[in-house]
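Below is one structure; the comments refer to it alone.
In what follows, chains are A, B, ... by sequence order, proteins preceding strands, each numbered from 1.
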Protein chains: 2
Amino acid sequence: MPKKQDTRHGQLPPTAWAVLGLLSFPGERTGYELKKWADASLRFFYWSPAISQIYAELRRLEGLGYASSRRSGPEEPRTKRQYAITETGREALAEWASGTADSGPPVLKHPLVLRIWLGHLASPERLRERVELHVARTEGELKEARDALARAEGIEEWSYPQVALRWSERQQLAELELARAMLADLARVPGTARQHPSDTPTPG
Amino acid sequence: MPKKQDTRHGQLPPTAWAVLGLLSFPGERTGYELKKWADASLRFFYWSPAISQIYAELRRLEGLGYASSRRSGPEEPRTKRQYAITETGREALAEWASGTADSGPPVLKHPLVLRIWLGHLASPERLRERVELHVARTEGELKEARDALARAEGIEEWSYPQVALRWSERQQLAELELARAMLADLARVPGTARQHPSDTPTPG
DNA sequence: GTGTACATGTAATCCGTTACATGATTCC
DNA sequence: GGAATCATGTAACGGATTACATGTACAC
């Protein structure tokens, strides 16, 4: 059984490109630093891979010649390993980023809306609580996105990350508005009003 | 070493609950129908599993006693199999939907913004094209979300799916605005007029 | 001297997709 | 009779997570 792709190195998962993308900005960094950076900004518009996944991708990228690494300090195992993008890597990434291939549709998994969709199985109050919890969380996220943007601002090499983070800031704002609009919609669902028998108006 | 969970059947992946959720609305249906339904509405706020995944989840749900199935027609393999939720299944789903456990944050993977983030590796025109392609696609999605909403409207049992779909409609509208705002931001990126070969920038 | 952050890595496992295989039904 | 759609399923594989294992550096 011949393998379907062996030498075809153009077919990497988006995660690999995202990690290589992190390396495409000036400077060397460790897997650990990459993870923190992903947590702080990548995750707002893409997502932050598990640390073990990052290490795995780094090994793959190095195997492809897209990244290089060196130990800082003595040649011992389990010491810091600094990664950098190679010229080949930069070319491959540029081709991926600017190629004609469709970016593909955004993927959204919204556990809150999934539960609202099943609202017939829960109580209206519980639904409201959930949405409000989500609003609170989103406010936190918005703040973090703004912090990330503030950190990127003024640095010329980060012009495009700034654009992405401005998008993220607006996206979080939109998320808040969506949640509030949903709250209003929920109040209008038939059968929602009467939760307490005491609310029942006096019968004629 | 005792297994950590064996009889604990409360720990299903969201996909399983989503599939069971599809079954929680009145009527029996086949895996095939579930897939079409997921494509038409679930995917706007959650996502549509592959058909093979749906069949797998249905088998698991049946194994747990959360769903039951029957063949329509003769007892032959590969004939239509109609699934329905059981009472146990409905209870488990209701507990999941209304439980106190946090719904978890929404997960967004936006391949377009990922590439914009890497804009320093592409030409401004190409970036613009990508965004415009995304706008066109989103307009299509908006229309489909509206169609789904129209189909749900007026049916009382679908009040909550209506709320979810209204959310989706607004979400697609927000997506359009975000894309347009990003287009404006992109036009303002310094050095946008022409592309430069690599400067060697210094961080910090 | 202890706890926290830094730092790397392996193993087991599961989630989910794609590709493939099979066949029934419906419509022209 | 042929195409499209309906319909179910298996196999192989890869992507990604969690849990685990290990150790360093530094602040309090």
| field | Any R71(B) side-chain N or O less than 4.0 Å from OP1/OP2 of dT8(D) | value | no
| field | Pair E57(B)-T15(B), side chain to side chain donor-acceptor pair (under 3.5 Å): steps then yes or no | value | CA-CA 8 Å; E57(B) 294 296 352; T15(B) 307; 4.9 Å; no
| request: Could you check K36(B) against K109(B) and say which one's nearest nucleotide on DNA chain D is further toward the 5' end? | output: K36(B)
| note | From the list Q171(A), R146(A), R43(A), Q172(A), side chain to side chain donor-acceptor pair (under 3.5 Å) partner of E141(A) resolves to R43(A)
| query | Counting just side-chain N and O atoms, does T15(A) come under 4.0 Å of either OP1 or OP2 of dA16(D)? | reply | yes
| said: Does dG23(C) have its OP1 or OP2 closer than 4.0 Å to a side-chain nitrogen or oxygen of K80(B)? | reply: no
| field | Sugar-phosphate only, base, or nothing, as touched by R29(A) at under 4.0 Å among non-hydrogen atoms | value | nothing
Would you tabulate the pairs of protein nitrogen or oxygen atoms and nucleotide nitrogen or oxygen atoms of nucleotides 22-27 of chain D closer than 3.5 angstrom?
unit_1: dT22(D); atom_1: O2; unit_2: R78(A); atom_2: NH1; d: 3.3

| So, is W47(A) near the phosphate of dG15(D), with a side-chain N or O under 4.0 Å from OP1 or OP2? | no
| field | Nucleotide of dA7(C), dT17(C), dA16(D) approaching A50(B) most closely (side-chain heavy atoms) | value | dT17(C)
| query | Roughly how many Å is it from CG in D39(B) to P in dC6(D), rounded to a whole number? | reply | 12 Å
| message | Check the phosphate of dG9(D) against K35(B), side-chain N and O only, distance under 4.0 Å to OP1 or OP2. Yes or no? | response | no
| query | Using a cut-off of less than 4.0 Å, is there contact between a side-chain N or O of R59(A) and OP1 or OP2 of dT10(C)? | reply | yes
| request: Identify which nucleotide among dT17(D), dG9(C), dA7(D) has an atom closest to any side-chain atom of R81(A), counting heavy atoms from C-beta outward. | output: dG9(C)
| said: Rounded to whole Å, how long is the line connecting atom CD of Q53(B) with atom C1' of dT10(D)? | reply: 14 Å
| query | In chain order, what residues pass the side chain to side chain contact (heavy atoms under 4.5 Å, CB included) check against T30(B), with sequence neighbours excluded? | reply | Y32(B), E33(B), K80(B), Q82(B)
| query | Rounded to the Å, how far apart are Y83(B) OH and dA7(D) C1'? | reply | 12 Å
| remark: Per atom distances to the T30(B) side chain, the nearest of dA5(C), dA19(D), dT8(D) is dT8(D)
| query | CD of E57(A) versus P of dG14(D): gap in Å, rounded? | reply | 13 Å
| said: So, does Y55(B) get its side chain near the phosphate of dT8(D), meaning an N or O under 4.0 Å from OP1 or OP2? | reply: yes
| query | Looking at R130(A), R137(A), H134(A), which one forms a side chain to side chain donor-acceptor pair (under 3.5 Å) with S103(B)? | reply | R130(A)
| message | Looking at E177(B), I want to see if its CD is surrounded by more than 12 non-hydrogen atoms of other residues, nucleotides or ligands under 6.0 Å. | response | no
| field | Nearest-Å distance for atom pair CD/C1', residues Q11(B) and dT17(D) | value | 15 Å
| Rounded to the Å, how far apart are L12(B) CG and dC14(C) P? | 13 Å
| task | Check F25(B), Y160(B), W167(B) against W117(A) for a ring pair (Phe, Tyr, Trp, His ring centres under 6.0 Å) and give me the one that passes. | result | F25(B)
| query | Does R115(B) count as lying over the ring of W96(A), i.e. NZ or CZ under 6.0 Å from the six-ring centre, within 45 degrees of the axis? | reply | yes
| note | Atom CD1 of I51(A) and atom P of dA11(C) are separated, to the nearest Å, by 18 Å
| said: Rounded to whole Å, how long is the line connecting atom CZ of R60(A) with atom C1' of dG9(C)? | reply: 17 Å
| Taking NZ, NE, NH1 and NH2 as the nitrogens, is one of them in D185(A) or R188(A) under 4.0 Å from a carboxylate oxygen of the other? | yes
